[in-house]
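Only one structure is covered here, and it is reproduced in the block below.
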Amino acid sequence: MRTPIKAQRRYGGPWKPAELSDKAELADGGPVVFMAGIVEPLGVADVFAIKADADSDADLIESARAAGFAVVDA
């Protein structure tokens, strides 16, 4: 499953549209982020923070939080 989010790659960087996925594409099996222009999926170490959109799946956002993603309230 994929859900729309906004993601920030570094502190103070721009928030960019992205998708959060529960498809285990990395070795740790946790959620990953897909951003336009970046071919590989991004894990917890590659993303500074994520922010849910109004259309985001709440369960998937909570799964990302549990996996270690920094989730910012919109």
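Every value quoted in this text rests on a predicted model; they were computed, and no experiment measured them.
- When the side chains of ILVMFWY residues are joined at heavy-atom separations under 4.5 Å, either directly or via intervening members, I50 and I38 end up in a single hydrophobic cluster.
- A donor-acceptor pair is defined here as one N or O able to donate and one able to accept, closer than 3.5 Å; such a pair exists between the side chain of Q8 and the backbone of G13.
- A donor-acceptor contact shorter than 3.5 Å is absent between the side chain of D57 and the backbone of T3.
- Residues D46 and V33 have side chains not in contact (no heavy-atom distance under 4.5 Å, counting atoms from C-beta outward).
- A 4.5 Å side-chain heavy-atom check between F69 and I61 finds every atom pair outside the cut-off.
- Interatomic distance, CD of E19 versus CD1 of I5, reported as 8.5 Å (0.5 Å rounding).
- Considering every non-hydrogen atom in both V32 and K23, the closest pair reads CG2-O, 3.9 Å.
- Contact record, K6 with D53: CG-OD1, 3.6 Å, taken as the closest heavy-atom pair.
- Across every non-hydrogen atom of A18 and M35, the tightest pair is CB-CG, 3.7 Å.
- A distance-only check finds no donor-acceptor pair linking the side chain of R9 to the backbone of F48 [under 3.5 Å].
- Closest heavy-atom contact between A67 and V44: O-CG2, 3.6 Å.
- Summarising the geometry, atom CG belonging to L60 is positioned 5.0 Å from atom CG belonging to D22; distances are rounded to the nearest 0.5 Å.
- Heavy atoms only, all atoms of each residue included: P31 and S63 are closest at CG-OG, 3.7 Å.
- In this structure, R2 is positioned above the aromatic face of F34, its NZ or CZ under 6.0 Å from the six-membered ring centre and within 45° of the axis.
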